[in-house]
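I have placed the structure first, in the form of structure tokens, so that the comments after it can refer back to it.
Quick note on labels: first sequence line is chain A, next is B, and so on, each numbered from 1. Side chains are part of it too, since the values below use all heavy atoms of this structure and drop only hydrogens, waters and symmetry mates.
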Amino acid sequence: MVKLELYKVAQKGDLPDVLVPDRDCLDSGMRLSWGDVICKKALSKALSAAERNEGLEVLLQVGSQEEIDSILEKTTKQDSNIGKVNESPKVQTYINERIRDALQDTVGKQDAINSQTAGGYLNYIINAMNSSKGFRGMVHRFFPVLFILHQLPGFQPMVWSMMLVDPKNYENCKRDLAEHYYATERGVAMMYNNVKITPTLNRYSLGVVNKIIKEDKEGEGYNNAFRMSSKLTLPQAVIDHLHIATQSTEHTQWGVYQKVPVNFVTLPLEDLTQK
Amino acid sequence: MSRWNQKTTDVKLIANYIPACNEAWGKTDSCTMHTENPLSFSRRLPRNKLYNLTTEVYAPEGSSILPFEEGELKHIECDINTNMDAFSYELKTLEIPGKSLRKAYSNTAVAFTVGLLSVYTWWWMFFRMPYYLAVGTENKNKNKYAKQIPNYNKRHIIMGKDKDRIDAINNVCEFHNNLSEDNYIKKLQLTRNYCLEREKRNPAYKELTQGYRDLLESNLEDSYILKKLPYTSWQALKSFLFNPMGMIPVAEIPKQLINVRNLQDKGALEKYFSD
């Protein structure tokens, strides 16, 4: 099953936690690839991912055991209020729906846009081929050659291949590229409509960072967490998230660009005029 | 998922802990996890069959070590698998136009033979589009094996229990941490030589040497953009032969070097788990 990691990063004070995906939404080539795989059979004997109703598995990375317990409690309470028997507490319907909607709004939307740009790249290849070698262009360009070179029989096979064989290959190529694109697009849509969430414990890297943020030593909780996060090898998207948090709430490095620019023209010219 | 009557084979992938980081990406106190590259891995896969992948993680053991958590292991698994999938997907997309262009040339070859039998002026026809013959042959040779990567049944990750391997990693960690050398590259070279000497006695060192080789290479090789731009004459010739239309670049084999937490600095994290 396709996997996406979501990191539950804390905020200062009583503010609620933030869910950060493991990679930048712009860098979603991986999920596009899975969109392609889902809509196709990898092997003819095997069931395809669409047939076995596979979707996206979201690994919810959590900093402490208490948070996992609290997630499970919430779901059990909800079910008990309704009055149903909770047969599978691991299937957290409430949180599942909330996160699924959030994913479709942010990550899924970006993936859909990216699949369209991927299709644009394929269209670029097709246009490059059409610009010089389309079927009609070929036929119209080389049709007179058929008569001009009629007296030299050695040229006949070349002209026939130019007129018929090459265009067929280009057409096949175009068809394959278009199929490839539609498969990715369909697969991405299918993936985000079937999300399964599994919480996993990550005390030593994510838990430590969350504790540092909550501790907020000298009012620089995000900055301390940012320094620690590269050492603990959290994904770059989480590190970026913490960096933005320091720059917007604690202190900025942008003051570097606020100084007066140096005028390079005046310095040497004065010396030259004196001499 | 396989059908009940479908045979699957088990494939093992070994990931080794290396107590050094790629300093080209900045000086963090983190370490790396190394596995073989996706191409050599896919050479071991069975043809036209589903496979079950178990990734075995080997890390140092002892009292001064904080082992991997479940979430961290899952993160390593995700990184390894996404690298492999991205490689196979890139090859797949690039092979769609490449394949049909090569086919176009081979179809004209049929016309050449007709010309060869019938006329004496056949030979110059070879110069019509000979450069299509080799379009994306590198990608083709890689894709021959890498296309089988998505044919998996299940993938999971576990901690390895082979004592020889664990001893080897413990020894290498000791050797690397007690070196008096300051230069980062020389340190890596010395540990690589240390592993090379012990390969014959314990074959577990063989993968560790490969890991250090990859790490050294990733520090010394060209950047991504220099790999893509043909700036030497040899590269220009290669791109003329394999990429005549400028649309089908060669897919790079990714190195499986994954950033992980330094397991040996238990003291830095202990204060967060005192209670």
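- Residue A:S64: no heavy atom, backbone or side chain, is found under 4.5 Å from chain B.
- When A:V62, A:L201, A:T200 are compared by the number of non-hydrogen pairs under 4.5 Å with chain B, A:L201 comes out ahead.
- Looking only at distances, a side-chain donor or acceptor of A:K211 sits under 3.5 Å from a matching main-chain atom of B:Y272.
- In terms of heavy atoms, B:G71 sits closest to A:N202 at C-ND2, 4.1 Å.
- Annotation for B:K140: atom NZ does not count as buried by contact number, only 12 or fewer foreign heavy atoms lying within 6.0 Å.
- Of the listed residues A:E215, A:R227, A:E5, A:Q61, the one with more heavy-atom pairs under 4.5 angstrom with chain B than any other is A:E5.
- Looking at A:R23 and B:T82, their side chains come closer than 4.5 Å, going by heavy atoms from C-beta outward.
- Once rounded to the nearest 0.5 Å, the distance linking CG of B:N259 with CG of A:L234 reads 11.0 Å.
- A salt bridge is absent between B:K99 and A:D176: the closest approach of a Lys/Arg side-chain nitrogen to an acidic carboxylate oxygen does not fall below 4.0 angstrom.
- Only the side chain of A:K3 comes within less than 4.5 Å of a heavy atom of chain B; its backbone N, CA, C and O stay farther away.
- Other residues, nucleotides and ligands contribute over 12 non-hydrogen atoms within 6.0 Å of the NZ atom of A:K214.
- Looking only at distances, a side-chain donor or acceptor of A:T233 sits under 3.5 Å from a matching main-chain atom of B:R261.
- Taking each heavy atom of A:C173 and B:P97 in turn, the nearest pair found is SG-CA, 3.5 Å.
- Between B:I96 atom CD1 and A:Y181 atom OH the span is 14.0 Å, to the nearest 0.5 Å.
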Next item on the list: Start with the C-alpha gap between B:L269 and A:M228, add the side-chain angles, then the distance that decides, and say whether side chain to side chain contact (heavy atoms under 4.5 Å, CB included) holds.
Entry: CA-CA 10 Å; B:L269 300 181; A:M228 201 67 177; 3.8 Å; yes
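- Summarising the geometry, atom CG belonging to A:L232 is positioned 8.0 Å from atom CG belonging to B:D265; distances are rounded to the nearest 0.5 Å.
- With a 4.5 angstrom heavy-atom cutoff, B:K147 does not touch chain A via any of its atoms.
- Residue with the most contacts toward chain A among B:D85, B:T28, B:D29, B:T93: B:D85 (heavy-atom pairs, distance under 4.5 Å).
- Atoms CG and CD, on A:L59 and B:E77 in that order, are 8.0 Å from each other to the nearest 0.5 Å.
- Taken from CD in B:E70 to CZ in A:R203, the straight-line distance is 10.5 Å, to the nearest 0.5 Å.
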